[in-house]
Amino acid sequence: MKVRIDDKFAAFAEHWRPKIVAQANGQDIRLVKTRGTFPWHSHADAEETFLCWKGEFRVEFRDHVVTLGPGEMVVVPRGVEHRTASDEEAEVLIFEPSEVVNTGDAEASEFTAPGGIRI
């Protein structure tokens, strides 16, 4: 099935609420709009890949920051504490196992998105 990424991003407005756009080999491809700073967390059993689609997006680690622009990506290794952020709205694709909760090992909060929402 063909997916038009821009159309899918246009279909929602909320920030920090990933939407599943496709699945492959036990992985979700999720779309998320970001603005502000997400809580520190890690995922003990999963890597996360972030691909910036629009805007400027940061993945912050305790010892360095990776800033991404459109077309750039970074992989966060399993178990590595990180948080994500953007000063202005950014659009980001996330590739991760379907069972991953977006807030990882952080305490549940307003940032914890319900799982399994498809768009």
Side-chain angles (χ1 to χ4, degrees):
M1 167 175 49
K2 182 164 112 175
V3 175
R4 294 188 51 83
I5 301 296
D6 282 330
D7 291 348
K8 295 295 186 177
F9 273 117
F12 67 97
E14 67 268 23
H15 297 116
W16 304 115
R17 293 287 186 230
K19 310 288 188 252
I20 300 167
V21 70
Q23 294 177 305
N25 300 312
Q27 298 271 317
D28 285 351
I29 301 166
R30 302 175 183 180
L31 306 183
V32 67
K33 290 185 178 183
T34 67
R35 184 178 202 142
T37 304
F38 200 77
W40 287 101
H41 67 285
S42 65
H43 303 277
D45 299 319
E47 289 89 17
E48 286 183 292
T49 301
F50 295 97
L51 171 63
C52 184
W53 184 258
K54 286 188 180 173
E56 187 174 277
F57 176 74
R58 293 186 310 279
V59 179
E60 301 178 355
F61 300 91
R62 291 295 185 176
D63 62 348
H64 69 287
V65 175
V66 177
T67 301
L68 304 175
E72 297 178 321
M73 63 180 270
V74 66
V75 176
V76 177
R78 68 184 65 209
V80 174
E81 191 174 33
H82 63 285
R83 68 180 182 183
T84 53
S86 62
D87 296 329
E88 301 298 326
E89 185 175 82
E91 295 178 351
V92 178
L93 284 84
I94 305 170
F95 302 81
E96 60 193 353
S98 296
E99 68 274 3
V100 167
V101 174
N102 68 326
T103 49
D105 63 357
E107 187 172 317
S109 70
E110 71 274 9
F111 288 97
T112 306
I117 297 178
R118 295 188 67 89
I119 191 164

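Sequential numbering from 1 along the given sequence is applied to the chain's residues.
- Residues Glu56 and Thr67 meet the side-chain proximity criterion, which asks for heavy atoms closer than 4.5 Å.
- A 4.5 Å side-chain heavy-atom check between Arg30 and Ile20 finds at least one atom pair inside the cut-off.
- For Asp6, the CG atom is densely surrounded, since the number of other residues' heavy atoms within 6.0 Å is greater than 12.
- The hydrophobic clustering, which links ILVMFWY residues whose side-chain heavy atoms are closer than 4.5 Å, places Val75 and Trp53 together.
- Looking at heavy atoms from C-beta onward, Arg78 lies out of side-chain contact with Ser42 at the 4.5 angstrom threshold.
- The distance from the CG atom of Leu31 to the CD1 atom of Ile117 is 12.5 Å, given to the nearest 0.5 Å.
- Looking at heavy atoms from C-beta onward, Met73 lies out of side-chain contact with Leu93 at the 4.5 angstrom threshold.
- When the side chains of ILVMFWY residues are joined at heavy-atom separations under 4.5 Å, either directly or via intervening members, Val100 and Phe111 end up in two distinct hydrophobic clusters.
- Here Lys8 contributes atom NZ and Arg4 contributes atom CZ; the two are 11.5 Å apart, rounded to the nearest 0.5 Å.
- Heavy atoms only, all atoms of each residue included: Trp16 and Thr84 are closest at CZ3-OG1, 3.2 Å.
- Looking at every heavy atom in both residues, Pro97 comes nearest to Glu47 through CD-O, 3.9 Å.
- When all heavy atoms of Glu60 and Ala85 are compared, the closest pair comes out as OE2-CB, 3.9 Å.
- Between the CD atom of Glu91 and the OG1 atom of Thr34 there is a distance of 9.0 Å, given to the nearest 0.5 Å.
- Hydrophobic clustering keeps Ile119 apart from Ile94 (ILVMFWY residues linked when any side-chain heavy atoms are closer than 4.5 Å, directly or through intermediates).
- Atom-to-atom distance recorded for Thr37:OG1 and Arg58:CZ is 6.0 Å, nearest 0.5 angstrom.
- Ring geometry for His82 against His43 counts as tilted: the plane angle lies between 30° and 60°, on a 0 to 90° scale.
- Considering every non-hydrogen atom in both Cys52 and Gly69, the closest pair reads CB-O, 3.3 Å.
- Residues Val32 and Pro18 come closest through the heavy atom pair CG2-N, 4.0 Å.
- No continuous path of hydrophobic side-chain contacts links Val65 to Phe57 [ILVMFWY only; heavy atoms under 4.5 Å].
- With rounding to the nearest 0.5 angstrom, the CG atom of Asn102 is 7.5 Å from the CZ atom of Arg17.
- Hydrophobic clustering, with ILVMFWY side chains joined whenever heavy atoms are under 4.5 angstrom apart, groups Val74 together with Val92.
- A salt bridge links Lys19 with Glu14: the closest approach of a Lys/Arg side-chain nitrogen to an acidic carboxylate oxygen falls below 4.0 angstrom.
- By the neighbour-count criterion of 12 heavy atoms within 6.0 Å, atom CG of Asn25 is sparsely surrounded, having that number or fewer from other residues, nucleotides or ligands.
- Atoms CG and CZ, from Asp28 and Arg118 in turn, are 8.0 Å apart once rounded to the nearest 0.5 Å.
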When you look at Arg35 and Glu89, which way does the salt bridge (charged side-chain N to carboxylate O under 4.0 Å, His left out) test go after all the steps?
-> CA-CA 5 Å; Arg35 184 178 202 142; Glu89 185 175 82; 5.9 Å; no
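- Aromatic ring orientation, Phe12 versus Phe9: tilted (interplanar angle from 30° to 60°).
- The two residues Val80 and Val76 make their nearest non-hydrogen contact at O-CG1, 4.0 Å.
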